[in-house]
Amino acid sequence: MIDASNLEELASALEASPDYRILRRLRPRPRLADFDDAETRMGLLVDVETTGLDPEQDEIIELAMVPFRYTLNGEVVEVLEPFDRLREPAKPISPEITALTGITDAMVSGQSIDPSEVTAFAGPAHVVIAHNAAFDRRFLERFSPVFSTKPWACSMSEIDWAAEGFEGTKLSYLAMAFGFFYDRHRAANDCLAAIEILARELSRARVPALAKLLEHARLPTWRIWAENSPFECKDLLKARGYRWNGEENGKPRSWYVDIADAEKDAEIAYLLREIYRYEADVRTVRITAYDRFSTRV
């Protein structure tokens, strides 16, 4: 019979063998003993569960926000108490969403999220982070204007996970790669898992993942629009990473790409040389963390 008091010793023995890998349940991250509050900043990890993918048609049914303190070099020093609320939508939750999130109509019945409470909770944050910021920011900016005033970062897309030796970017995969598991699909648990991942040191960069995320998020990017590009060049643009905007959203119905600041001039030169083949006036938009991932750009 296995002695439950000896499980960690058994796990360590298995880890010493190349034939075994151990996953530990995610535990609360302890507060670091020695740090100066004046030298830290407040981060806010957010996650929403919704009735669908369209922020104009679908609704938030759960919002979690977990504040944490970090140093200027990206070290997580303290994880604070989470905010986690359910909300009853105007229409019943579909079986597909219940299967994905575990949230049922009974769970959200009579529940609501107070926008003023959300504003007060998010107010102190110096940066808002989500593991799919392109999704979460669109919903949250419609819910509370406070999220339009904050710089955002995306732990899924703004860390070069492949360069660090990872084969995927899903939260559950990254957690397993770092040796832990957690109860998935509920927003607060996802936030805590993401903070733990950001607190871990990257094996190749030798810095916390949060440091790499903040470094990337602070840099401006450029959205370059290939307006009125020849139809026969669409495959070239698509292969180069351009995406098509066909929506009636006040932006050009055109191919576009988001690139790093250092690549801007070279990309414009490529368009003029290979796509337009004349001195076209190329539309560019500078994007920072204050508007990245928002529908406003």
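As a basis for the values below, the full set of heavy atoms in this structure was taken, side chains included, without hydrogen atoms, waters or symmetry mates.
Hydrophobic clustering keeps Val128 apart from Val297 (ILVMFWY residues linked when any side-chain heavy atoms are closer than 4.5 Å, directly or through intermediates). In the hydrophobic clustering of ILVMFWY residues, with side-chain heavy atoms under 4.5 Å counting as a link, Leu214 and Val79 come out together. Phe293 and Tyr256 fall into different hydrophobic clusters, where Ile, Leu, Val, Met, Phe, Trp and Tyr are joined by side-chain heavy atoms under 4.5 Å apart, directly or via other members. By the rule that hydrophobic residues join a cluster once side-chain heavy atoms approach within less than 4.5 Å of another member, Phe68 and Val127 end up as members of one cluster. A single hydrophobic cluster is seen to contain both Ile129 and Val76, as judged by linkage of ILVMFWY side chains at heavy-atom distances under 4.5 Å, directly or through other members.
Between Tyr242 and Ile275 there is no side-chain heavy-atom pair separated by less than 4.5 Å. Using a 4.5 Å cut-off on side-chain heavy atoms (C-beta onward), Glu15 and Tyr20 make no contact. Within the 4.5 Å cutoff, side-chain heavy atoms of Val66 are placed close to those of Leu192. For the pair Val118 and Met65, the minimum side-chain heavy-atom distance is below 4.5 Å. Taking the side chain as every heavy atom from C-beta outward, Met156 and Leu171 never approach each other to under 4.5 Å. Two residues are said to be in side-chain contact when any heavy atoms from C-beta on lie closer than 4.5 Å; Val77 and Thr71 meet this criterion. Side-chain contact between Ile287 and Asp258 is present, with at least one heavy-atom pair separated by less than 4.5 Å. Side-chain contact between Val257 and Arg243 is absent, with no heavy atoms from C-beta onward closer than 4.5 Å.
The number of heavy-atom neighbours closer than 6.0 Å to CG of Asn228, taken from other residues, nucleotides and ligands shown, is 12 or below. Other residues, nucleotides and ligands contribute more than 12 heavy atoms inside 6.0 Å of the OH atom of Tyr278. Counted within 6.0 Å of CZ on Arg24, heavy atoms from surrounding residues, nucleotides or ligands total more than 12; the atom is thus considered enclosed. When the shell of 6.0 Å around CD of Glu232 is examined, it contains more than 12 heavy atoms from other residues, nucleotides or ligands. In Arg21, the CZ atom is not crowded: 12 or fewer heavy atoms of neighbouring residues, nucleotides or ligands sit closer than 6.0 Å.
Counting only distance, with no hydrogens or angles, the side chain of Glu59 and the backbone of Ala90 share a donor-acceptor pair below 3.5 Å. Counting only distance, with no hydrogens or angles, the side chain of Ser12 and the backbone of Glu8 share a donor-acceptor pair below 3.5 Å. Judged purely by atom type and a 3.5 angstrom limit, Thr284 has no side-chain atom pairing as donor or acceptor with the backbone of Ile224. Judged by distance alone, the side chain of Arg87 and the main-chain N or O of Ile60 form a donor-acceptor pair under 3.5 Å. Checked by atom type and distance alone, the side chain of Arg273 never pairs as donor or acceptor with a backbone atom of Ile268 at under 3.5 Å. For Asp160 (side chain) and Ala163 (main-chain N/O), a donor-acceptor pair under 3.5 Å exists by modelled atom type. The backbone N or O of Ala64 sits nowhere less than 3.5 Å from a side-chain atom of Asp47 that would complete a donor-acceptor pair. A distance-only check finds no donor-acceptor pair linking the side chain of Arg138 to the backbone of Ala133 [under 3.5 Å]. The backbone N or O of Gly246 lies less than 3.5 Å from no partner atom in the side chain of Lys251, so there is not a single donor-acceptor pair. Distance alone, capped at 3.5 Å, places no donor-acceptor pair between the His126 side chain and the Pro151 backbone.
Residues satisfying the side-chain hydrogen bond (donor to acceptor under 3.5 Å, both in side chains) criterion with Glu215, sequence neighbours excluded, are absent altogether. For Arg25, the side-chain hydrogen bond (donor to acceptor under 3.5 Å, both in side chains) partners at least two apart in sequence or on another chain are Asp183.
Among residues at least two apart or in separate chains, salt bridge (Lys or Arg N to Asp or Glu O under 4.0 Å) pairs with a member in residues 189-204 are Arg29-Glu196, Glu196-Arg200, Glu201-Arg206.
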From CA spacing to verdict: side-chain hydrogen bond (donor to acceptor under 3.5 Å, both in side chains), Tyr276, Glu227: CA-CA 10 Å; Tyr276 293 112; Glu227 294 181 87; over 6 Å; no
Full working for side-chain contact (heavy atoms from CB on, under 4.5 Å) between Arg253 and Glu248: CA-CA 8 Å; Arg253 292 175 64 87; Glu248 296 292 341; 3.5 Å; yes
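Side-chain contact, Glu62 with Thr101: no donor N or O sits under 3.5 Å from an acceptor N or O. Glu263 and Tyr270 share no donor-acceptor pair across their side chains, judged by distance under 3.5 Å alone. Side-chain N/O atoms of Thr104 and Thr98 include no donor and acceptor closer than 3.5 Å. At a cut-off of 3.5 Å, with distance as the only test, a side-chain donor of Trp222 or Asp261 sits close to an acceptor on the other residue. Using a 3.5 Å distance cut-off with no hydrogens or angles, the side chains of Asn249 and Asn245 do pair a donor with an acceptor.
When every heavy atom of Leu72 is checked against every heavy atom of Arg218, the shortest pair comes out as O-NH2, 4.1 Å. For the pair Met42 and Pro124, the tightest heavy-atom approach, listed with the atom from each and the gap, is CB-O, 3.7 Å. Taking every heavy atom of both residues into account, Ile113 and Phe143 meet most closely at O-CZ, 3.5 Å. Across all non-hydrogen atoms, the minimal contact from Gln111 to Leu86 is CB-O, 3.4 Å. The shortest heavy-atom contact between Leu23 and Phe181 is O-CE2, 3.7 Å. Taking both residues in full, the closest heavy atoms of Thr149 and Tyr290 are given as O-CE2, 3.5 Å, listed atom of the first, atom of the second, then distance.
Using cut-offs of 30° and 60° for the angle between ring planes, the Phe135 and Phe139 rings count as tilted. Below 30°, between 30° and 60°, or above 60°: for Phe83 and Phe121 the angle between ring planes is between 30° and 60°, a tilted geometry. In this structure, Tyr173 and Phe166 have perpendicular ring planes: the angle between them is above 60°, well past the 30° mark.
Annotation: the span from His131 atom NE2 to Leu198 atom CG amounts to 9.0 Å, rounded to 0.5 Å. Atom CD of Glu88 and atom CD1 of Ile61 lie 11.0 Å apart (nearest 0.5 Å). Rounding to the nearest 0.5 angstrom, the gap separating the SG atom in Cys154 from the CG atom in Leu213 is 8.0 Å. To the nearest 0.5 angstrom, Leu63 atom CG is 11.5 Å from Thr50 atom OG1. Once rounded to the nearest 0.5 Å, the distance linking CG of Asn189 with CG of Leu26 reads 8.0 Å. Atom CZ of residue Arg41 and atom CZ of residue Arg69 lie 8.5 Å apart, to the nearest 0.5 angstrom.
For the pair Lys150 and Phe147, the NZ or CZ position fails the cation-pi test of under 6.0 Å to the six-membered ring centre and within 45 degrees of the ring normal.
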